[in-house]
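As structure tokens, the structure follows; a few thoughts come after it.
Values in this document were obtained by computation on a predicted structure and should not be read as measured data.
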Amino acid sequence: KGHIWNKRLHICFQSLALRTIPFSNMSAAPKLNKIFSDKIPEVSEKDEDLLHQVKNVRTTPRDNRFPSSNQALHCWNRYNEWLLCLKETGKDEDKCQVYRQYATSICPNDWTANWDEAREEGSFAGLQV
């Protein structure tokens with residue numbers, strides 16, 4: 001199976017391969033900056049904030065405490081690290097946003113939603129804030 005996949009991947013790369021252009025014909029090469037307009041479009045403050053959030057989205061960094069492919073414990077620890085940050089900062093969401101991002105990037109959405117609900121109900125088994 002892997003051999004067939006590698007052949008398909010190789011064929012795909014061959015079909016997408018870019019041809020090299022000799023230096024003498026550099027003027028014939030399409031210029032990337034001609035594709036885009038010179039003017040930067042106006043964006044609303046809300047759209048600018050969304051663009052900033054998208055540019056700064058990061059997944060949780062590798063943690064050597066969790067070397068296996070099953071990342072459930074890593075997810076649980078990241079969620080509780082976020083709660084610990086909230087506890088230490090007096091529930092300051094802005095200061096703990098990085099930890100929340102780490103938790104939501106590695107945990108399934110259903111898990112974080114269930115844990116958030118359990119915290120609101122007071123039945124969460126992890127760190128109490």
Side-chain angles (χ1 to χ4, degrees):
K1 228 176 185 178
H3 182 66
I4 293 170
W5 169 252
N6 287 340
K7 276 188 173 182
R8 286 182 183 160
L9 192 60
H10 182 70
I11 290 168
C12 181
F13 280 129
Q14 280 182 335
S15 66
L16 294 175
L18 299 175
R19 295 187 182 114
T20 56
I21 300 171
F23 283 109
S24 60
N25 287 344
M26 284 304 278
S27 61
K31 296 192 179 193
L32 186 62
N33 62 356
K34 298 248 178 177
I35 297 172
F36 303 104
S37 65
D38 292 336
K39 291 185 175 184
I40 298 172
E42 295 285 328
V43 293
S44 68
E45 191 173 317
K46 181 182 175 187
D47 289 341
E48 191 173 318
D49 184 44
L50 287 173
L51 286 171
H52 178 71
Q53 287 178 13
V54 168
K55 283 196 291 187
N56 292 315
V57 168
R58 302 285 185 264
T59 189
T60 183
R62 178 163 172 74
D63 193 332
N64 290 330
R65 297 175 294 173
F66 311 104
S68 69
S69 58
N70 183 351
Q71 294 292 300
L73 187 58
H74 190 183
C75 161
W76 176 253
N77 279 357
R78 288 295 186 191
Y79 189 85
N80 280 284
E81 286 172 355
W82 170 65
L83 294 177
L84 181 63
C85 178
L86 287 177
K87 189 174 186 175
E88 290 176 349
T89 61
K91 297 186 179 182
D92 187 355
E93 295 278 341
D94 292 335
K95 289 183 181 177
C96 300
Q97 184 178 5
V98 172
Y99 294 104
R100 177 67 179 185
Q101 175 61 40
Y102 288 165
T104 56
S105 71
I106 197 166
C107 298
N109 292 338
D110 289 344
W111 290 11
T112 55
N114 289 341
W115 292 337
D116 288 343
E117 286 177 22
R119 283 182 42 241
E120 289 172 7
E121 295 169 357
S123 62
F124 181 64
L127 190 65
Q128 301 298 317
V129 179

Between Leu83 and Val129, which heavy-atom pair has the shortest distance, and what is it?
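Closest approach of Leu83 to Val129, heavy atoms only: O-CG2, 3.4 Å.
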
Which residue pairs pass the disulfide bond (SG atoms under 2.5 Å apart) test with at least one member in residues 97-129, sequence neighbours excluded?
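Applying disulfide bond (SG atoms under 2.5 Å apart) to every pair that reaches into residues 97-129, excluding sequence neighbours, yields Cys75-Cys107.
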
Please round to the nearest 0.5 Å and tell me the distance separating atom CD1 of Ile106 and atom CH2 of Trp76.
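These two atoms lie 14.5 Å from each other.
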
So how far is it from Leu84 CG to Tyr99 OH, rounded to the nearest 0.5 Å?
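The CG atom of Leu84 sits 8.5 Å away from the OH atom of Tyr99.
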
Please list, chain by chain and in numerical order, all residues satisfying side-chain contact (heavy atoms from CB on, under 4.5 Å) with Asp116, sequence neighbours excluded.
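Per chain and number, Asp116 pairs via side-chain contact (heavy atoms from CB on, under 4.5 Å) with Tyr79, Trp82, Arg100, Arg119.
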
The criterion is side-chain contact (heavy atoms from CB on, under 4.5 Å); which residues satisfy it with Val43, sequence neighbours excluded?
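Once residues adjacent in sequence are excluded, the partners of Val43 under the side-chain contact (heavy atoms from CB on, under 4.5 Å) criterion are Asp47, Glu48.
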
Under 3.5 Å donor-acceptor pairs involving side-chain atoms of residues 89-97, not counting sequence neighbours:
residue, atom, partner, partner atom, Å
Thr89, OG1, Cys85, O, 2.8
Thr89, OG1, Asp92, N, 3.4
Asp92, OD1, Asp94, N, 3.3

Check for me, please, whether Trp111 and Phe124 land in the same ILVMFWY cluster - side-chain distances under 4.5 Å, paths through other members count.
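Yes, Trp111 connects to Phe124 through the hydrophobic network.
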
Residue pairs fulfilling side-chain hydrogen bond (donor to acceptor under 3.5 Å, both in side chains) with at least one residue in residues 60-72, sequence neighbours excluded
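side-chain hydrogen bond (donor to acceptor under 3.5 Å, both in side chains) check on residues 60-72 returns Thr60-Arg78, Asp63-Arg65, Arg65-Glu81, Gln71-His74.
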
Would you find a donor on one side and an acceptor on the other, under 3.5 Å apart, between the side chain of Asn80 and the backbone of Gly126?
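It does not hold such a pair.
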
Neighbour count above 12 (heavy atom, 6.0 Å) for Gln128 CD
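Result for CD/Gln128: enclosed.
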
